[in-house]
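Naming: A, B, ... by sequence-line order, numbering from 1 per chain.
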There are 2 protein chains.
Amino acid sequence: MSDDKSEIPPDLPTLADVAERAKVSTATVSRCLNSPDRVVEATRERVLKAVRDLGYSPNFGARALAARRTGTVGAIIPTMENAIFARAMQAFQEELRDNGLTLLVASSAYSPEVEDEQIRALVARGADALLLIGHDRSEALYQFLERRGVPVLAAWVHDTDNPRPSIGFDNRKAMRQLAEKVIAAGHRHLAMISADQHGNDRARERVAGLRAAMAAHGLEAETLPLIETRYSIEHGRQAFAKLMRRAPRPTAVVCGNDVLAVGALQMARDMGLHVPGDVSITGFDDIEIATLVEPPLTTVHVPHRAMGRQAAQLLIEMLRSGAPLAESVELQTDLRLRGTLGPPPV
Amino acid sequence: MSDDKSEIPPDLPTLADVAERAKVSTATVSRCLNSPDRVVEATRERVLKAVRDLGYSPNFGARALAARRTGTVGAIIPTMENAIFARAMQAFQEELRDNGLTLLVASSAYSPEVEDEQIRALVARGADALLLIGHDRSEALYQFLERRGVPVLAAWVHDTDNPRPSIGFDNRKAMRQLAEKVIAAGHRHLAMISADQHGNDRARERVAGLRAAMAAHGLEAETLPLIETRYSIEHGRQAFAKLMRRAPRPTAVVCGNDVLAVGALQMARDMGLHVPGDVSITGFDDIEIATLVEPPLTTVHVPHRAMGRQAAQLLIEMLRSGAPLAESVELQTDLRLRGTLGPPPV
DNA sequence: GACAATAATGTAAGCGCTTACAAAATCCCA
DNA sequence: TGGGATTTTGTAAGCGCTTACATTATTGTC
């Protein structure tokens with residue numbers, strides 16, 4: 001509108017300018033850039049020189065429009081604020097980059113509605129493929145993505161019951177293994193702090209894993225004290241305090257992830273409770289803070305980097321083959337038994 | 001090439017389809033979507049209904065090509081692996097989103113070369129504007145950006161000597177304030193662990209801040225034991241161990257950021273040194289881990305969220321006005337004096 | 001009620017690239 | 001060395017949208 005001292009639109013060189021300078025057609029220039037081996041060397045060099053001389057770089061929109069793809073992959077993660085997804089995203093991005101693709105990240109704040117919106121936004125922005133966390137989302141959304149031919153890969157989960165492609169691990173099994181150790185340590189009064197299970201299959205599976213272990217050892221899984229709360233240290237603190245007011249007081253608090261566990265640990269310290277002497281605490285994820293706290297956290301180690309890297313590889317494969325289906329990949333987790341788990345107080 | 005069971009390109013509805021269904025021209029549909037108030041209500045409703053019925057959503061490439069902008073803002077941060085930039089980026093993204101813009105993030109791994117490459121990649125992807133960390137980069141790069149008319153904002157710095165727009169704080173002043181406290185506590189043998197100063201003005205300024213404080217109090221700033229290392233807990237550990245072998249042994253180790261400080265703290269513990277009894281340690285940034293460690297870290301608090309949010313606002317303003325210049329904004333940091341700083345051992 | 005001003009809509013020309021197809025150049029071997 | 005096979009290059013038709021400008025409808029004024 002009001003163009004005060006409106007800059008003159010910096011008139012950038014186009015393909016045609018390069019073509020003219022190199023005395024070839026635009027098609028040849030395009031080939032030089034996209035499939036160099038379909039052009040004879042002498043021509044290619046001439047063209048590339050023209051590109052350099054002019055400082056040419058292709059117009060993204062035009063390329064996307066003509067090629068009907070953008071070379072962009074989207075990822076929607078629940079949060080960027082803590083380290084849970086950071087490492088995997090870093091690896092994911094590196095691998096994409098090595099393959100000439102760009103990453104577009106958005107976060108959903110653990111809200112299915114926001115996630116829905118973000119997915120549509122990323123697709124509208126031209127994401128060629130999508131990485132999502134978990135499987136839990138509406139059928140309508142999956143249809144929308146299928147209709148648009150956007151391949152989707154779910155990370156952080158491996159669930160043989162779900163046919164959609166995924167890269168991840170079996171959350172239930174992993175939590176169950178950990179829970180077995182907790183029970184083996186002698187605990188009978190367990191409690192859990194979890195993320196909201198709504199729209200979060202990882203959280204649900206982890207709760208189920210704990211319950212399964214309890215049931216297998218004759219503990220009443222149905223009456224497990226369980227608090228669902230947001231993923232933050234502060235919420236972990238509060239949930240822990242609430243659980244400690246229960247009677248009988250839990251001797252072990254299993255947390256759905258490390259962030260909650262660190263909050264619990266802090267609150268235990270503030271309440272003057274000794275860990276693991278008075279109460280044991282476990283986490284899930286094995287992010288960096290797990291080893292920073294004192295005592296270090298007993299948790300489930302998740303291979304974040306491998307998951308990120310392989311996620312990229314799978315997605316690239318899906319993109320190449322044009323087939324929306326890929327085989328799901330299961331990664332293994334392993335237990336990290338550290339200082340916060342011990343026998344219950346006598 | 002080989003199209004095994006190649007999906008039929010899902011033929012998505014276009015603007016023209018919507019126009020036909022709503023019995024209007026494509027121009028009117030476009031207006032409904034981009035400047036709804038330039039269309040009378042009845043028409044608008046008819047068009048929006050057609051949009052809904054058809055499940056239409058605009059083609060990104062076409063829109064970018066025709067409108068000569070993409071609605072995308074790029075950010076290049078040194079790393080995604082730790083929390084230093086996470087919170088600010090989260091706020092940045094939220095603010096952009098509220099204004100209908102999308103964020104494209106890349107990381108440079110603290111390498112100027114990678115950063116250069118990433119900047120060009122983001123611009124090639126059609127970033128309309130860019131958020132970068134610090135001012136340190138080649139003149140050629142700035143020229144490239146200017147030529148393309150891409151507004152750039154530097155975050156994490158405020159340096160009145162540098163005319164380019166920025167949002168951030170005075171790293172030197174902040175570190176100096178902290179150093180004054182360290183010296184006031186009685187320390188005479190200081191040491192520092194910093195990030196590589198090359199291509200990192202924040203690191204440089206922080207070192208300068210410490211030196212300035214030392215000089216002001218008659219300490220030999222030139223002989224300050226200084227180790228430059230990568231930003232990771234492990235590197236912080238190693239650097240700390242090395243510094244402790246110096247004679248005279250430093251009584252206070254000032255770290256260029258919290259990640260290094262936490263590594264130092266861990267190593268102190270492993271070496272059987274009491275903090276702050278035997279040695280004081282300070283950080284910079286005040287990220288979450290600062291309060292998780294024991295004792296909690298004395299550090300400089302940086303207003304991450306405010307920086308991220310305001311960065312978005314400034315960039316939006318630059319985009320709107322078309323003017324590549326904006327006034328730099330200085331944010332205030334403040335000291336968080338916690339458990340890791342005490343008097344030197346007697 | 002006529003006419004100018006203003007608002008709403010339509011027409012159509014690109015935006016800069018990719019790619020199917022056509023044409024030209026080069027290669028290979030009898 | 002001729003002529004088909006193959007490689008290299010050119011021609012030109014879009015890709016789906018925005019927007020300047022033209023046209024038509026509506027409003028207000030006297």
Side-chain angles (χ1 to χ4, degrees), chain A residues 1 3 6 9-48 50-51 54-72 123-126 128 148-149, chain B residues 1 3 9-48 50-51 54-71 123-126 128 148-149:
Chain A
M1 316 305 142
D3 8 359
S6 77
D11 233 348
L12 298 173
T14 70
L15 241 212
D17 297 328
V18 176
E20 186 182 8
R21 188 172 232 268
K23 311 271 181 237
V24 294
S25 71
T26 61
T28 299
V29 178
S30 177
R31 285 186 198 105
C32 278
L33 267 27
N34 299 309
S35 37
D37 34 296
R38 297 183 32 54
V39 168
V40 81
E41 170 141 9
T43 315
R44 195 190 325 146
E45 283 184 353
R46 197 150 33 92
V47 170
L48 293 182
V51 166
L54 259 32
Y56 169 78
S57 95
N59 175 297
F60 179 69
R63 175 176 262 186
L65 179 57
R68 307 156 138 280
R69 69 189 131 62
T70 59
T72 299
V123 170
R125 294 281 176 204
D128 291 336
R148 294 198 127 62
Chain B
M1 311 306 142
D3 8 0
D11 234 350
L12 297 173
T14 71
L15 240 213
D17 297 329
V18 175
E20 188 183 4
R21 187 173 234 269
K23 311 274 181 234
V24 295
S25 71
T26 60
T28 299
V29 178
S30 177
R31 285 187 201 105
C32 278
L33 267 26
N34 299 309
S35 37
D37 35 295
R38 297 182 33 54
V39 169
V40 81
E41 170 142 8
T43 315
R44 195 190 323 145
E45 283 184 354
R46 197 148 34 92
V47 169
L48 293 181
V51 166
L54 260 31
Y56 169 78
S57 95
N59 176 296
F60 179 69
R63 174 177 265 186
L65 179 56
R68 307 159 137 279
R69 68 189 132 65
T70 60
V123 171
R125 295 277 176 209
D128 290 336
R148 294 199 127 59

Could I get the full list of side-chain contact (heavy atoms from CB on, under 4.5 Å) partners for A:Ala16, not counting sequence neighbours? A:Thr14, A:Thr26

Once side-chain hydrogen bond (donor to acceptor under 3.5 Å, both in side chains) is applied, what residue pairs with a partner in residues 36-48 of chain B remain, sequence neighbours excluded? none

The helix from C:dG1-D:dC30 to C:dA30-D:dT1: angle between its terminal axes, five pairs each, to 10°? 20°

Measure the distance from CD on B:Glu20 to C1' on C:dG10 and round it to the nearest whole Å. 16 Å

A:Arg46 CZ to D:dT8 C1', straight-line distance once rounded to whole Å: 12 Å

Which pair of heavy atoms, one from A:Val29 and one from A:Ala19, lies closest together, and at what distance? CG2-CA, 3.6 Å

Please find the pair of heavy atoms, one from A:Asp128 and one from A:Gly71, that lie closest to each other, and give the distance. OD2-N, 2.6 Å

Please lay out, stage by stage, how B:Val24 and B:Val18 fare under the test side chain to side chain contact (heavy atoms under 4.5 Å, CB included). CA-CA 8 Å; B:Val24 295; B:Val18 175; over 6 Å; no

Spacing of CG belonging to B:Leu12 relative to CG belonging to B:Asp17, to within rounding of 0.5 Å: 9.5 Å

Taking only distance into account, with no hydrogens and no angle test, what donor-acceptor pairs under 3.5 Å do side-chain atoms of residues 56-63 of chain B form with protein atoms, sequence neighbours excluded?
residue: B:Ser57; atom: OG; partner: A:Arg148; partner atom: NH2; Å: 2.8
residue: B:Asn59; atom: OD1; partner: B:Gly61; partner atom: N; Å: 2.8
residue: B:Asn59; atom: OD1; partner: B:Ala62; partner atom: N; Å: 2.8
residue: B:Arg63; atom: NH2; partner: B:Asn34; partner atom: OD1; Å: 3.2

By salt bridge (charged side-chain N to carboxylate O under 4.0 Å, His left out), B:Arg125 pairs with (sequence neighbours left out) none

All N/O contacts under 3.5 Å from nucleotides 15-24 of chain C to the protein, with atom names and distances to one decimal?
residue: C:dG16; atom: OP1; partner: B:Arg68; partner atom: NH2; Å: 3.4
residue: C:dC17; atom: OP1; partner: A:Tyr56; partner atom: OH; Å: 2.3
residue: C:dC17; atom: OP1; partner: A:Asn59; partner atom: N; Å: 3.2
residue: C:dC17; atom: OP2; partner: A:Leu15; partner atom: N; Å: 2.3
residue: C:dT18; atom: OP1; partner: A:Asn34; partner atom: ND2; Å: 2.8
residue: C:dT18; atom: OP1; partner: A:Arg63; partner atom: NE; Å: 3.0
residue: C:dT18; atom: OP2; partner: A:Ser30; partner atom: OG; Å: 2.5
residue: C:dT18; atom: OP2; partner: A:Asn34; partner atom: ND2; Å: 3.4

